[in-house]
Chemist: 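Here it is: the structure, laid out below.
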Amino acid sequence: MPKPTPLSGFPELLPEQRFVEQQVIDTLRRTFELHGFAGIETRAVEPMDQLLAKGETSKEVYVLRRLQAESESADSGMGLHFDLTVPFARYVLEHAGKLEFPFRRYQIQKAWRGERPQEGRYREFTQADIDVVMKDELPFHFDVEVARVMAEALSGLPLPPLRLRVNNRKLIEGFYRGIGAADPAGVITIIDKLDKLPVDQVRSQLAADAGLDPGQVDQCLRLADISSTDTSFVDRVRALGVHHELLDTGLDELAAVIDGCASVRNDRFEVEASLSLARGLDYYTGTVFEIYMVGYEFLKSVGGGGRYDALASDGKNTYPGVGISFGISRTLVPLMSRGLLTTDRKVPSVVLVALIDEESRAASDEIATALRAHGVPCEVAASAQKFGKQIRYAERRGIPYVWFTNADGGHEVKDIRSGDQVAADPSTWTPPTDDLRPTVVATATTEEQHL
RNA sequence: GUGGGUAUAGCUCAGCUGGUAGAGCGCCGCCUUGUGGUGGCGGAUGUCGCGGGUUCGAGUCCCGUUACUCACCCCA
């Protein structure tokens with residue numbers, strides 16, 4: 001087999017990188033469960049009509065086809081899911097009879113998109129998602145809760161500081177209606193481009209595509225210019241002198257989310273009301289979230305979500321929900337490829353049991369067994385090389401301890417970082433807690449975290 | 001899907017107007033016959049992405065192709 005070339009957009013991690021990812025997943029999971037969110041996994045595929053019905057129509061969906069299908073063009077009518085929210089909505093409808101509402105669930109899974117890959121944007125990627133879904137009506141306080149839970153979960157990760165930007169669809173839609181815009185949804189789509197296009201282009205699109213007069217355009221841009229980390233945005237919006245019932249509701253809701261997040265805010269997690277935030281997906285009906293990684297704004301949002309009142313509906317029953325998702329691959333892969341996030345060892349082993357010669361392998365195995373019996377991960381040297389080589393084997397992998405047996409049968413364990421070598425009993429010796437598991441080293445935040 | 005860039009050792013890269021391939025790091029051995037890291041000495045490694053063309057001669061020029069990468073689109 002010729003040497004395979006990497007597949008663009010399908011990143012694969014080295015063992016030490018996978019360890020980091022696993023630790024991140026474990027941390028998120030622990031926090032989600034701490035808040036009573038139950039884990040589920042949905043199948044990788046959904047019927048195409050499910051995938052295309054919701055959200056954007058231009059989503060690049062990978063379609064499944066049997067190799068032996070009668071005609072080359074005949075697909076199975078199934079596609080890989082491109083996010084976790086749409087499959088979740090389907091899941092809720094399908095299992096509604098067996099679920100307890102409000103249903104709090106987390107889901108950490110892969111998703112696929114056929115987009116052309118770029119840094120931070122992959123064709124196969126892992127997302128962590130939390131949502132709360134209710135039957136008929138979902139109380140607003142859940143909007144605050146999902147933000148708080150995600151904030152708490154993310155604060156525990158070895159990442160650069162994060163910024164949660166929040167807005168409210170009712171607020172901006174009410175505002176646009178209040179100034180007399182004929183097509184509020186169209187305005188939202190154009191305003192969403194503010195962080196990418198120059199203001200002048202947005203201005204002309206608002207005039208040309210959304211049919212706004214210059215006064216209305218100015219009002220829209222003034223609104224989009226408002227942001228604050230406290231509820232002071234409310235007065236600034238009111239100062240624009242626009243009145244609409246929906247606007248009032250939106251202001252109240254957004255203020256409630258900002259207030260509600262006050263306790264989770266810290267120097268590594270910022271929460272900000274940002275009235276330019278719109279989000280492209282059209283199924284959001286109220287609160288909208290986006291998460292950014294400070295210093296990595298070029299990655300665009302590394303998380304997002306919001307309130308969707310009608311995504312899950314079978315015609316008879318409607319299950320409104322609110323959720324927020326976080327891009328694990330999107331954040332981790334760029335950090336790891338820059339060498340800013342790694343581990344202090346490439347393998348789980350904390351001890352390498354040295355091997356004197358092949359005849360004594362059984363003796364070394366016994367030592368390893370004794371260590372493992374009380375939870376010390378270890379491995380026996382692959383071959384009976386000179387001890388210098390065996391130590392180097394451990395050093396290469398970052399294994400901090402090497403276990404030696406004396407000629408007289410006594411045991412000694414050497415910390416190869418310090419060179420200290422002391423007598424030890426394999427049935428009781430245990431390393432300091434910090435050494436027991438590999439440590440995630442995050443240069444980005446210049447701190448080490450024991451997850 | 002549209003447009004640009006790139007492809008040389010395990011990694012990062014150099015290689016001029018064409019003359020049959022180099023550095024640093026890493027790796028291996030020895031100094032060091034059973035305890036590594038520093039130091040010294042020595043050593044190995046490439047179908048120069050792939051296919052074709054021009055040429056006496058192509059890593060270098062031309063065409064094609066594939067992959068990677070960046071921007072657009074879209075978004076985690």
Side-chain angles (χ1 to χ4, degrees), chain A residues 2-11 14 24 28 55-61 81-86 107-130 150 154 162 189 192-193 195-197 201 277-282 284 288-293 296 298-306 323-334 337 339 352 354-357 360 381 383-407 412-422:
Chain A
K3 185 179 178 179
T5 57
L7 257 187
S8 177
F10 294 86
L14 293 171
V24 165
L28 294 175
E56 295 290 302
T57 51
S58 61
K59 278 259 164 47
E60 292 278 357
V61 174
H81 59 236
F82 55 79
D83 73 358
L84 302 181
T85 306
V86 170
Q107 204 172 333
I108 301 172
Q109 241 179 288
K110 290 205 157 148
W112 296 267
R113 287 182 197 175
E115 293 287 343
R116 265 290 246 292
Q118 260 169 59
E119 182 169 40
R121 193 179 73 185
Y122 311 102
R123 287 174 166 164
E124 178 179 72
F125 57 96
T126 303
Q127 264 184 295
D129 213 281
I130 55 170
M150 188 56 87
L154 297 181
L162 297 170
T189 310
D192 195 38
K193 298 176 180 171
D195 63 340
K196 199 154 39 189
L197 293 178
Q201 274 189 48
L277 183 66
R279 278 184 84 61
L281 294 175
D282 55 15
Y284 292 117
V288 285
F289 302 110
E290 271 189 4
I291 304 168
Y292 288 83
M293 192 152 66
Y296 294 82
F298 65 90
L299 291 176
K300 303 297 174 194
S301 64
V302 298
I324 183 163
S325 73
F326 173 73
I328 292 178
S329 306
R330 174 164 261 190
T331 48
L332 259 39
V333 175
S337 69
L352 174 75
L355 188 62
I356 296 167
D357 49 38
S360 60
S383 64
Q385 292 174 295
K386 288 201 272 193
F387 286 159
K389 294 276 176 58
Q390 296 192 38
I391 289 171
R392 201 159 71 188
Y393 174 102
E395 192 185 20
R396 290 272 157 70
R397 290 159 178 76
I399 301 172
Y401 297 94
V402 179
W403 196 280
F404 293 104
T405 308
N406 294 333
E412 287 187 0
V413 64
K414 178 189 185 92
D415 181 337
I416 63 173
R417 295 162 301 189
S418 62
D420 296 341
Q421 186 164 335
V422 296

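This is a predicted model, so every value here is computed, not measured. Quick note: numbers below take in every heavy atom, side chains included, and nothing from hydrogens, waters or symmetry partners. Letters go in sequence order (proteins before strands), and every chain restarts at 1.
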Chemist: To the nearest Å, how far apart are Leu162(A) CG and A76(B) C1'?
Modeler: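 Those two atoms, CG and C1', are 13 Å apart.
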Chemist: Quick one: is the NZ or CZ of Arg397(A) closer than 6.0 Å to the six-membered ring centre of Tyr393(A), and within 45° of its axis?
Modeler: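 Pair Arg397(A)/Tyr393(A) counts as cation-pi.
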Chemist: By centroid distance (under 5.5 Å) and plane angle (under 30°), are Phe326(A) and A76(B) in a stacked arrangement?
Modeler: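 Base of A76(B): not stacked against Phe326(A).
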Chemist: Under 3.5 Å, is there a donor-acceptor pair between the side chain of Tyr401(A) and the main chain of Ile399(A)?
Modeler: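 Pair absent, no side-chain N/O of Tyr401(A) close to backbone of Ile399(A).
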Chemist: If you measure from the C1' atom in G37(B) to the same atom in A14(B), how many Å do you get, rounded?
Modeler: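 About 31 Å, rounded to a whole number of Å.
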Chemist: Report all interatomic pairs (protein N or O, nucleotide N or O of nucleotides 35-37 of chain B) with separations under 3.5 Å.
Modeler:
unit_1 : atom_1 : unit_2    : atom_2 : d
U35(B) : O2     : Lys414(A) : NZ     : 3.1
U35(B) : N3     : Gln421(A) : OE1    : 3.0
U35(B) : O4     : Gln421(A) : NE2    : 3.0
G36(B) : O4'    : Gly388(A) : O      : 3.4
G36(B) : O6     : Ile416(A) : O      : 3.3
G36(B) : N1     : Ile416(A) : O      : 2.3
G36(B) : N2     : Glu395(A) : OE2    : 3.1
G36(B) : N2     : Ile416(A) : O      : 3.1
G37(B) : N2     : Ile416(A) : O      : 3.4
G37(B) : N2     : Arg417(A) : O      : 3.2

Chemist: Do Phe298(A) and Met293(A) touch side chain to side chain, with heavy atoms closer than 4.5 Å?
Modeler: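 When only atoms from C-beta onward are counted, Met293(A) and Phe298(A) do not touch, as no gap falls below 4.5 Å.
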Chemist: Okay, side chain of Ser325(A), backbone of Gly304(A): is any donor-acceptor separation there less than 3.5 Å?
Modeler: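 Side chain of Ser325(A) to backbone of Gly304(A): a pair is present.
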Chemist: Leu352(A) near the nucleic acid: base, sugar-phosphate alone, or nothing, with a heavy-atom cut-off under 4.0 Å?
Modeler: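 The residue Leu352(A) makes no contact with any strand.
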Chemist: What is the separation between atom CG on Leu28(A) and atom P on A76(B), rounded to the nearest whole Å?
Modeler: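 My rounded result for the distance is 17 Å.
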Chemist: Just checking Ile356(A): base, sugar-phosphate only, or nothing, at a heavy-atom cut-off of under 4.0 Å?
Modeler: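 The answer is base, as Ile356(A) lies within the cut-off (heavy atoms under 4.0 Å) of a base atom.
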Chemist: Pick out the pairs of N or O atoms, protein on one side and nucleotides 69-72 of chain B on the other, that lie under 3.5 Å.
Modeler:
unit_1 : atom_1 : unit_2    : atom_2 : d
U69(B) : OP2    : Ser8(A)   : OG     : 2.8
C70(B) : OP1    : Glu119(A) : N      : 3.3
C70(B) : OP2    : Glu119(A) : N      : 3.3
A71(B) : OP2    : Gln118(A) : OE1    : 2.4
A71(B) : N7     : Gln118(A) : NE2    : 3.4

Chemist: Apply the side-chain contact (heavy atoms from CB on, under 4.5 Å) test between Phe326(A) and each candidate in Thr331(A), Ile108(A), Ile130(A); give the one that qualifies.
Modeler: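 It is Thr331(A); the other options fail the test.
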Chemist: Would you measure the distance from the P atom in C28(B) across to the matching atom in A44(B) and give it in whole Å?
Modeler: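 Nearest-Å result for C28(B) against A44(B) at atom P: 16 Å.
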Chemist: Measure from CG on Leu299(A) to C1' on C74(B) and round the result to the nearest Å.
Modeler: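 Rounding to the nearest Å, CG of Leu299(A) and C1' of C74(B) are 15 Å apart.
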Chemist: With heavy-atom distances below 4.5 Å as the criterion, would you say the side chains of Trp112(A) and Phe10(A) are in contact?
Modeler: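 The answer is yes, as the side chains (C-beta and beyond) meet within the 4.5 Å cut-off.
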Chemist: Please give the distance between the C1' atoms of U47(B) and G1(B) as a whole number of Å.
Modeler: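 Result for the C1' pair: 35 Å, nearest Å.
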Chemist: Compare all side-chain heavy atoms of Arg116(A) with those of Arg121(A) and state whether any distance is below 4.5 angstrom.
Modeler: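 In contact.
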Chemist: In whole Å, measure the gap between the P atoms of G59(B) and A9(B) for me.
Modeler: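 Comparing P positions in G59(B) and A9(B) gives a spacing of 14 Å.
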Chemist: Taking C-beta and beyond as the side chain, do Phe387(A) and Ile356(A) meet within less than 4.5 Å on heavy atoms?
Modeler: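 Sidechains of Ile356(A) and Phe387(A): in contact.
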Chemist: What's the gap between C16(B) and A58(B) when it is taken at their C1' atoms, as a whole Å value?
Modeler: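 These two C1' atoms come out 15 Å apart once rounded.
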Chemist: Which whole number of Å gives the distance between the C1' atom of C30(B) and that of G36(B)?
Modeler: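 Taking atom C1' in both C30(B) and G36(B), they lie 16 Å apart.
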Chemist: Just so I know, are the side chains of His81(A) and Gln109(A) near enough to count as touching, which here means a heavy-atom distance under 4.5 Å?
Modeler: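 Yes. Closest side-chain heavy atoms under 4.5 Å.
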Chemist: Please give the distance between the P atoms of U6(B) and C62(B) as a whole number of Å.
Modeler: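 Here U6(B) and C62(B) have their P atoms 11 Å from each other.
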Chemist: With P as the reference atom in both, quote the distance from U45(B) to G5(B) in angstrom, rounded to an integer.
Modeler: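 So the two P atoms sit 36 Å from each other.
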Chemist: As a test of your reading of the structure, name each stem of RNA chain B as range with range, where a stem is three or more consecutive Watson-Crick or G-U pairs at under 3.5 Å.
Modeler: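 Stem segments, range with range: B:1-7 with B:66-72, B:10-13 with B:22-25, B:27-31 with B:39-43, B:49-53 with B:61-65.
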Chemist: Any donor and acceptor pair, going by atom type alone, linking the side chain of Ser329(A) with main-chain N or O of Thr126(A) inside 3.5 Å?
Modeler: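 A pair under 3.5 Å: yes.
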Chemist: Looking only at atom types and distance, does a side-chain atom of Arg330(A) sit under 3.5 Å from a main-chain N or O of Gln127(A), one as donor and one as acceptor?
Modeler: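 A pair under 3.5 Å: no.
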Chemist: Quick one: does any side-chain atom of Gln390(A) pair with a main-chain N or O of Leu355(A) as donor and acceptor, under 3.5 Å?
Modeler: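 Judged by distance alone, yes, a pair lies under 3.5 Å.
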